[in-house]
Amino acid sequence: MTLFAGTGLVVKLVLIVLIFFSVVSWAIIFFKLLQVNRANSESERFLEFFWKAKRFDAINAQIDRFANSPLTVLFSEGYAELKRLVEKGDQKEEPDVVSTDLGGIDNISRALRRATTSEITRLEKYVTFLATTGSTAPFIGLFGTVWGIMTAFKGIGETGSASLAVVAPGIAEALIATAIGLVAAIPAVMGYNHFQHKIKVLIASMDNFSTEFLNIVQRTFARK
Amino acid sequence: MNRTTVSPERGLGWGITASLILHAILFSAVLFARFPSPPLQEAPVYYVDVVNLPVASPRAGSPTVAGGSVPQPPPPAAPKPEMALPRKPLPVKGTLPGKQKPVPAEESSREFEQRLAKLQSTADERHQEAALDAMRRKVAGSARSAGQAGMPAGTGTQAGSDYASYIQSRLRDAFRSTIVYQTSSPEMVIRLTIDAGGHIIRQRVEHSTGDRIFEESVSKAIARAEKTFSPPPGGGTFECGFIFRPQGVGKK
C-alpha cells in the first residue's frame, strides 16, 4: 500500500490502467470458462440426442434443452432452410422432396456455413482482449517502471545523497508497475491459449456436424 | 428472409463481479500480509581511536603500562652462545701448509666478544617482543570488559586520543554520504567550535570556492556528524578548522 502511495502521478495512472486490464481480463476468463465449458458439454449431449432421434421435427422440439451448444444453432438454421425447401416442394405437389435443381442442398449448406461463422464470432468474442492484455500489459508496466526510475534518479540528484536508503525506495516503487503488468499479462496469455484451443475443438465439431447434417438431408430428402 | 438464430448469452456482468471479488480478495491478502517493505538499515559504523601507549623508557625499549602491574610471562631463555671454536686456518696462496702463521689470541677473543654481543642483542629483542605481547593481551582484555565483545569502545576522550582526528573521522564518514558538487575541484574550509557537551556552537566558513551545492553537502555532513560527537576531553570547548574536498576531509 505504501509502495502505491509513494509513486508519482504517471506511475499511479499506469497502475490504474493495469489494474483495469487485470479486472477485465479475469472477467473475460470467468465468462469464457463458463461459456466454453457449457458449449462443450451441451454439444456432447445434443449429439447423443441427435443420433438417437428419428425425426428432425422431434429434435427441433427439444432444442431449447441445449441452448448453449453452437450445434443447436446450426441445426436450427439447417432445419429452417430445409423446412422452407420442403414447403416449396409441397407447393409443387411433390411432398418430402428437395429440389436439387434450384440448388436446395447448396442453400442448406450456405445456411449452415453462415450459422457456423456467426457461432465462431460469438465464441471468439472478448478473447482478443486477452491477447491485447497479454502483449501490451508488460510494456505498459515497463513504461511505468522506467518513468518511476527516472523520477527517482531526479530526486536523488536533487537531494544529493546516493545512499541505498535514498535510492532503493524509489526503485522499489517503480518496479511495482512491472510486477502489476506481469500479474495482468500472465493469466491473460494463459487464458487466451486455453480458449483458442477449446474454440478450435468446437469449430471442428461444428464442421463435422454440418457435413453430417447435409449427408442426412441428401440421403433422406433429395430427389433421386 | 430469415435471421440467423443466436444462442442465448449472458453478458460479462457476472464475470466482472467475480473478477472484482477476486481482486478484492487478493488486495486484502496483500494488505493484511503487509507485503514486506523492510526498513533499510545502514550497517553500523565502528569508530576506532588509535591510542599512543605511553612508553616508560624508550631508550631501554621495555614498555610498561601506567597504573597497572602486568604479570609478564617469563622471558624466553636466551639461546646458549655457541662455543667459539678456533677456526681452521685457511691455506694461504703461495705458502706451504707447514709454514702457515698461527692466528693471534687477541684476534680470536675480539671475535668472540662481537658474537656474544650480537647474541645478547637478539635475546633482548625477544624479551621486548614478549613484553609487548603481554601488553597487547592486556589492552585487548580491557577493551572486551569495557564494551561489547569485538567492538571498540573508543569515544575520543581517553588519554592519548586525538580529538581533532576523532571529529575528522566522523565528518569524513558523514561527508561520504552527502557529498555532491558541480564544479571541478570545490573546496571549503570551516572552523568548528564544539562545547563541553559535544555540540557545535559555532561554525565559521574561512574559505570556499563558491560551489553552492558542495557547500550544502558540507553543511549536511556537519549536521549529520554532530549527532555522533562525544564531548571533548578535559570538559572545555574545542576548536579546529577542517578542509572539505571531494577527496575527503582534512584538518587545517
Side-chain angles (χ1 to χ4, degrees), chain A residues 1-3 6 19 22-35 38-39 42 63-64 66-77 79-81 84 111 114-119 121-123 125-126 156-169 172-173 176 183, chain B residues 1-43 45 173-182 186 211-221 223-224 244 246:
Chain A
M1 193 63 184
T2 50
L3 281 177
I19 289 166
S22 179
V23 169
V24 175
S25 294
W26 275 101
I28 292 168
I29 287 169
F30 286 136
F31 171 70
K32 282 285 157 191
L33 268 178
L34 196 75
Q35 187 192 41
R38 275 183 180 169
E42 288 190 13
I63 210 157
D64 288 343
F66 317 101
N68 290 300
S69 169
L71 302 184
T72 57
V73 178
L74 266 68
F75 176 81
S76 296
E77 289 294 315
Y79 180 71
E81 193 61 36
R84 271 192 293 274
R114 191 182 59 198
T116 306
T117 311
S118 74
E119 279 305 293
T121 309
R122 185 180 70 87
L123 288 169
K125 197 176 175 185
Y126 305 128
I156 290 161
E158 280 168 1
T159 55
S161 179
S163 67
L164 194 65
V166 176
V167 177
E173 283 160 13
I176 196 172
V183 164
Chain B
M1 288 294 286
N2 71 316
R3 197 175 140 272
T4 306
T5 316
V6 178
S7 58
E9 184 180 41
R10 288 176 202 124
L12 269 174
W14 72 268
I16 287 173
T17 311
S19 175
L20 282 172
I21 291 167
L22 176 80
H23 280 79
I25 290 167
L26 280 175
F27 182 73
S28 51
V30 169
L31 201 68
F32 283 115
R34 289 195 180 183
F35 229 84
S37 57
L40 291 163
Q41 290 178 342
E42 288 185 36
V45 181
D173 282 354
F175 190 49
R176 218 172 273 153
S177 60
T178 63
I179 184 166
V180 60
Y181 52 94
Q182 58 184 3
D211 187 332
R212 280 192 61 198
I213 290 178
F214 185 73
E215 284 174 3
E216 279 177 21
S217 74
V218 170
S219 309
K220 280 180 194 167
R224 195 176 283 190
F244 290 83

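Lettering follows sequence order; numbering is per chain, from 1.
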The interface call for A:S22 against chain B, heavy-atom contacts under 4.5 Å, is both
- Heavy-atom distances under 4.5 Å only: say whether A:L74 touches chain B with side chain, backbone, both or neither.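 No part of it gets close to chain B.
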Worksheet item: Can B:E215 and B:R212 be counted as an ion pair, charged N to O under 4.0 angstrom?
Response: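 The answer is no: the pair does not qualify as a salt bridge.
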query = Are side-chain N/O atoms of B:T178 and B:R224 paired as donor and acceptor at under 3.5 Å?
reply = no
Between the NZ atom in A:K125 and the CD1 atom in A:I28, the distance rounded to the nearest 0.5 Å is 11.0 Å
Side-chain (A:E77) to main-chain (A:A115) donor-acceptor, under 3.5 angstrom = no
Residues at least two apart in sequence or cross-chain that pass side chain to side chain donor-acceptor pair (under 3.5 Å) with B:S217, listed by chain then number, are none
Against chain A, residues from residues 19-26 of chain B with at least one heavy atom under 4.5 Å, in numeric order, are B:S19, B:L20, B:L22, B:H23
* Would you please classify the geometry between the A:F30 ring and the A:W26 ring as parallel, tilted or perpendicular, with 30° and 60° separating the classes? => tilted
task = Might you work through the side chain to side chain contact (heavy atoms under 4.5 Å, CB included) test for B:W14 and A:L34, ending with a clear yes or no?
result = CA-CA 11 Å; B:W14 72 268; A:L34 196 75; 3.5 Å; yes
